Chemist: 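I am attaching a structure below and will ask some questions about it afterwards.
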Amino acid sequence: MASTSSITIPSPADFHVHLREGAMSEVVTPHVRVGGIDVAYVMPNLTPPIITTAHALSYQAHLQSLSPKTTFLMTLYLHPSITPAEIQKAAAAGIRGVKSYPRGVTTNSDGGIENYEDYYEVFGAMEKSGLVLNLHGEVPSDAERGICVLNAEETFLQHLFKIHKAFPKLRIVLEHATTAAAVEAVKKCGPTVACSITPHHLSLIVDDWAGQPFNFCKPVAKYPSDRKALQDVVASGHPQFFLGSDSAPHPSLSKTTSSPCHGCAAGIYTSPILLPLLANLLESFGALDKLAGFASLNGRKFYGLETEGLKGVEVRRVAEKDGGDLVKRYGFGKEGGEVVTFWEGKKLGWEVVRNE
Ligand code: NCD
Ligand code: ZN
């Protein structure tokens, strides 16, 4: 049977992306579109984090100036200073969600939360005004309690169940799931709960990041059986599962200059290659026909975005003999900064074609 040579995705959307600030942002923000994506759901973990509607809107305007054709959907960072009144204001201003980071588990999460019940009033206001709760689903490591990066997600799932039970109509996204247990938990919760999945977690297992800083992100990639569960749920086309790349650029020096007392920055950069990378990966586990659902329609439906009459973005197989360009790194700023892209030096075999 001839293999598929082209797929057109209705206005692809990435429901979890880090676009940073300053010189880094100037380079990575336009890459969303280069990677074939029209809609970016933007994470709020800047320094300082985005905890007011005004800050989210000024950041949105700045991103828009860097990439005028991309649609940026904004989030707030769950924080003690956020009140139900701020939630109403955010909803009225078109902000879509609130991201919760448990304290200290990942990049810029020092202001993260410790006890979800402290936020029940805020969650109630979100449920009422239709804002989505985006959960970074890991508990902080705690050697006394036997918790480390390998079981931090599974241990978190009790919080997902509890919040969902208390707020059954609140739309919740368990972000960047990495385990079979998370997939089952999300299915069990039903249609108000969904799950974003990254391309790198469809590709990596523990062995790929242990000793390789450019494959290190939070949550870390887990066991082969976990990766298989993520691939299987994508291949099934399940509507509660969709693309959130968690593309998280870091200066390459902060990935490689770790020392015994200074760790490696967590985050994998995929924005500029996103749709071709996904086509490559989904084809590798027989799910190419699910690309449109995964990279557009499932997430759009969950978030209540348009699903009809959308402009298509084509991802096309590159002619066999050249296989396309090698994935490359990018410079930023005036001091020779670099950001290294996932799969640097490989060929993806697919490219984005915009018919406009
Ligand atoms: C993200 C970042 O660098 O902002 N890092 C990561 O490893 N995923 C933060 C996050 O989403 O956890
Ligand atoms: Zn993230």
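The figures here come from the full heavy-atom set of this structure, side chains too, leaving out hydrogens, waters and symmetry mates. We count ligands from 1, going down the list as the structure has it; atoms in each ligand are counted the same way. All values derive from a computational prediction rather than experimental measurement.
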Chemist: Give the residue and atom name of whichever protein heavy atom lies nearest to atom 5 (N) of ligand 1, and the separation in Å to one decimal.
Modeler: Ala266 O, 3.0 Å
Chemist: Scan side-chain atoms only and decide if Glu175 and Ser196 contain a donor-acceptor pair under the 3.5 Å cut-off.
Modeler: yes
Chemist: Assess, by modelled atom type and distance only, whether the side chains of Tyr269 and His31 contain a donor and an acceptor separated by less than 3.5 Å.
Modeler: yes
Chemist: Angle class for the Phe241/His238 ring planes (parallel below 30°, perpendicular above 60°, tilted otherwise)?
Modeler: perpendicular
Chemist: Just distances here: any N/O of His250 and N/O of ligand 1 closer than 3.5 Å?
Modeler: yes
Chemist: For the residue pair Lys301 and Phe242, would you count it as a cation-pi contact if the rule is NZ or CZ under 6.0 angstrom from the ring centre and within 45 degrees of the ring axis?
Modeler: no
Chemist: Considering only protein heavy atoms, which is closest to atom 8 (N) of ligand 1, and at what distance to one decimal place?
Modeler: Asp246 OD2, 2.7 Å
Chemist: Assess, by modelled atom type and distance only, whether the side chains of Thr256 and Ser252 contain a donor and an acceptor separated by less than 3.5 Å.
Modeler: no
Chemist: What class does the angle between the rings of Phe156 and Tyr116 fall in, given that below 30° is parallel, 30 to 60° is tilted and above 60° is perpendicular?
Modeler: perpendicular
Chemist: Taking 2.8 Å as the limit, list every protein N, O or S atom around the Zn ion (ligand 2), by chain and residue number.
Modeler: His16 NE2, His18 NE2, Asp246 OD1
Chemist: Can you confirm whether the side chains of Thr155 and Arg145 place a donor and an acceptor under 3.5 Å from each other?
Modeler: no
Chemist: Please indicate whether Phe167 has more than 12 foreign heavy atoms, meaning atoms of other residues, nucleotides or ligands, lying under 6.0 Å from its CZ.
Modeler: yes
Chemist: Considering only heavy atoms, which of Met43, Arg20, His18, Lys218 lies nearest to atom 3 (O) of ligand 1?
Modeler: Arg20
Chemist: Gly267 versus ligand 1: do any nitrogen or oxygen atoms come within less than 3.5 Å of each other?
Modeler: yes
Chemist: When the ring planes of His176 and His16 are compared, do they come out parallel, tilted or perpendicular, using 30° and 60° as the limits?
Modeler: tilted
Chemist: Using a 4.0 Å cut-off to any heavy atom of His136, which atoms of ligand 1 qualify?
Modeler: 12 (O)
Chemist: Short list, please: which atoms of ligand 1 are under 4.0 Å from a heavy atom of His16?
Modeler: 11 (O)
Chemist: Any chance the side chains of His201 and Thr198 put a donor and an acceptor closer than 3.5 Å?
Modeler: yes
Chemist: For a quick check under 3.5 Å, do Glu154 and Thr179 share a side-chain donor-acceptor pair by atom type?
Modeler: no
Chemist: Ligand 1 versus Ile268, non-hydrogen atoms closer than 4.0 Å: side chain, backbone, both, neither?
Modeler: neither
Chemist: Please list, in number order, the atoms of ligand 1 under 4.0 Å from a heavy atom of Cys217.
Modeler: 7 (O)
Chemist: To which protein heavy atom is atom 12 (O) of ligand 1 closest, and what is the distance rounded to 0.1 Å?
Modeler: Thr106 OG1, 2.7 Å
